[in-house]
Amino acid sequence: MDKEKIEDGVRLILEGIGEDVNREGILETPERIARMYEEIYGGLSMDAAEILAKRFHAEQNEMVLEKDITFYSTCEHHLMPFYGKAHVAYIPDGEVVGISKLARTVEVFARRPQIQEQLTAQIADALMENLKPKGVMVMIEAEHMCMSMRGIKKPGSKTVTYVTRGVFAENPQLADKFMLMVK
């Protein structure tokens with residue numbers, strides 16, 4: 001990331017809204033925002049394949065589900081936060097990953113300017129590509145600040161997206177089982 005460009009851009013935005021960029025409370029804001037952006041957009045420099053590389057042999061071939069993974073992301077249309085819970089399941093085909101790796105995979109893609117629909121698919125596709133499981137299902141429930149505090153102003157509304165891959169797409173009963181386990 002180019003911290004200097006971010007700082008310059010923040011100063012321009014502050015000037016554009018009529019703020020005094022030399023005011024005591026604002027003086028260090030461009031630097032603070034640049035540091036914050038390194039954190040919240042850190043997924044741009046991360047690779048899910050690296051996170052999912054360490055696998056363990058497992059004969060178990062039933063569903064592995066990690067639910068209620070809290071995430072924070074940024075809407076690419078308004079650069080406003082959206083946040084919520086991700087639920088990620090896969091059916092192993094001889095190999096599993098440590099359970100924290102599912103949450104880390106969510107983080108890789110959430111820490112990018114993003115739309116929820118794409119985030120949901122990226123998580124599922126990364127798991128399919130790297131773990132080669134029999135199937136994957138991902139569901140995300142999120143509140144979007146671009147709907148809550150601007151525009152339509154409907155706080156508390158949630159957007160739900162899900163994708164199925166492999167046996168989850170082929171077997172509706174398996175997808176139904178996932179939904180029951182998530183609720």
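Keep in mind that the numbers below use all heavy atoms, side chains included, and drop hydrogens, waters and symmetry copies. These figures come from a predicted structure and were not determined experimentally.
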For this session: Evaluate the side chain to side chain contact (heavy atoms under 4.5 Å, CB included) criterion for residues Leu27 and Asn22: first the C-alpha distance (whole Å), next the side-chain angles of each, then the deciding distance (0.1 Å), finally the verdict.
Result: CA-CA 5 Å; Leu27 197 57; Asn22 295 309; 4.1 Å; yes
Run the side-chain donor-acceptor check on residues 35-46: report pairs under 3.5 Å with partners two or more places apart or on a different chain.
{"from": "Arg35", "atom 1": "NH1", "to": "Glu31", "atom 2": "OE2", "distance (Å)": "3.0"}
{"from": "Ser45", "atom 1": "OG", "to": "Gly42", "atom 2": "O", "distance (Å)": "3.1"}

Between [Y] and [X], do the side chains contain a donor N or O and an acceptor N or O under 3.5 Å apart?
X      : Y      : answer
Glu76  : Gln118 : no
Thr70  : Lys85  : yes
Gln116 : Thr161 : yes

Problem set entry | Lys3 atom NZ, neighbour heavy-atom count above 12 within 6.0 Å |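 Enclosed: over 12 neighbouring heavy atoms sit under 6.0 Å from NZ of Lys3.
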For this session: Mark yes when over 12 heavy atoms from residues, nucleotides or ligands other than Ile152 sit less than 6.0 Å from its CD1; otherwise mark no.
Result: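 12 or below, so no.
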Of all the heavy-atom pairs spanning [X] and [Y], show the shortest one and how long it is.
X      : Y      : result
Val88  : Ile123 : CG2-CG2, 4.2 Å
Ala110 : Leu119 : N-CD1, 3.5 Å
Val108 : Ala48  : CG1-N, 4.0 Å
Pro133 : Ile91  : CB-O, 3.1 Å

For this session: Name all residues meeting the side-chain hydrogen bond (donor to acceptor under 3.5 Å, both in side chains) criterion together with Arg111; count only those two or more places apart in sequence or in a different chain, and write none if there are none.
Result: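 Expected list: Glu107.
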For this session: Among residues two or more places apart or on two chains, list those pairs meeting salt bridge (Lys or Arg N to Asp or Glu O under 4.0 Å) that have a residue in residues 132-149.
Result: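 As it turns out, the salt bridge (Lys or Arg N to Asp or Glu O under 4.0 Å) pairs with a partner in residues 132-149, which skip direct neighbours, are Glu141-Lys183.
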Problem set entry | salt bridge (Lys or Arg N to Asp or Glu O under 4.0 Å) contacts in which one or both residues fall within residues 53-74, not counting sequence neighbours |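 Every pair satisfying salt bridge (Lys or Arg N to Asp or Glu O under 4.0 Å) with a residue in residues 53-74: Arg55-Glu95.
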Spacing of [atom1] belonging to [X] relative to [atom2] belonging to [Y], to within rounding of 0.5 Å:
X      : Y      : atom1 : atom2 : answer
His78  : Arg150 : NE2   : CZ    : 3.5 Å
Leu52  : Thr105 : CG    : OG1   : 3.5 Å
Cys146 : His77  : SG    : NE2   : 9.0 Å
Arg104 : Ile51  : CZ    : CD1   : 7.0 Å
Thr74  : Met145 : OG1   : CE    : 12.0 Å
Leu65  : His87  : CG    : NE2   : 8.5 Å

Following the transitive rule for hydrophobic clusters with a side-chain heavy-atom cut-off under 4.5 Å over Ile, Leu, Val, Met, Phe, Trp and Tyr, establish whether [X] and [Y] coincide in one cluster.
X      : Y      : result
Met181 : Met139 : yes
Ile115 : Val163 : no
Ile6   : Ile17  : yes
Val138 : Leu131 : yes
Val182 : Met137 : yes

Does a side-chain heavy-atom distance below 4.5 Å link [X] with [Y]?
X      : Y      : result
Leu102 : Leu127 : yes
Arg32  : Thr29  : yes
Tyr90  : Arg165 : no

Without placing hydrogens or testing angles, list every side-chain donor-acceptor pair under 3.5 Å for residues 167-179, not counting sequence neighbours.
{"from": "Asn171", "atom 1": "OD1", "to": "Gln173", "atom 2": "N", "distance (Å)": "3.0"}
{"from": "Asn171", "atom 1": "OD1", "to": "Leu174", "atom 2": "N", "distance (Å)": "3.3"}

Problem set entry | ring-ring contact (aromatic ring centres under 6.0 Å, His included) pairs, two or more places apart, involving residues 122-150 |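 Listed by first then second residue: Phe82-His144.
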Exercise. Under the side chain to side chain contact (heavy atoms under 4.5 Å, CB included) criterion, do Arg11 and Asp8 qualify, and how do the steps go?
Worked result: CA-CA 5 Å; Arg11 278 188 207 88; Asp8 290 344; 3.1 Å; yes
For this session: Using atom types as modelled and distance alone, determine if a side-chain donor or acceptor of Gln114 lies under 3.5 Å from a backbone N or O of Phe109.
Result: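 Answer holds: yes.
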For this session: Evaluate side chain to side chain contact (heavy atoms under 4.5 Å, CB included) for Val10 paired with Leu14, printing each intermediate quantity in order.
Result: CA-CA 6 Å; Val10 170; Leu14 290 168; 3.9 Å; yes
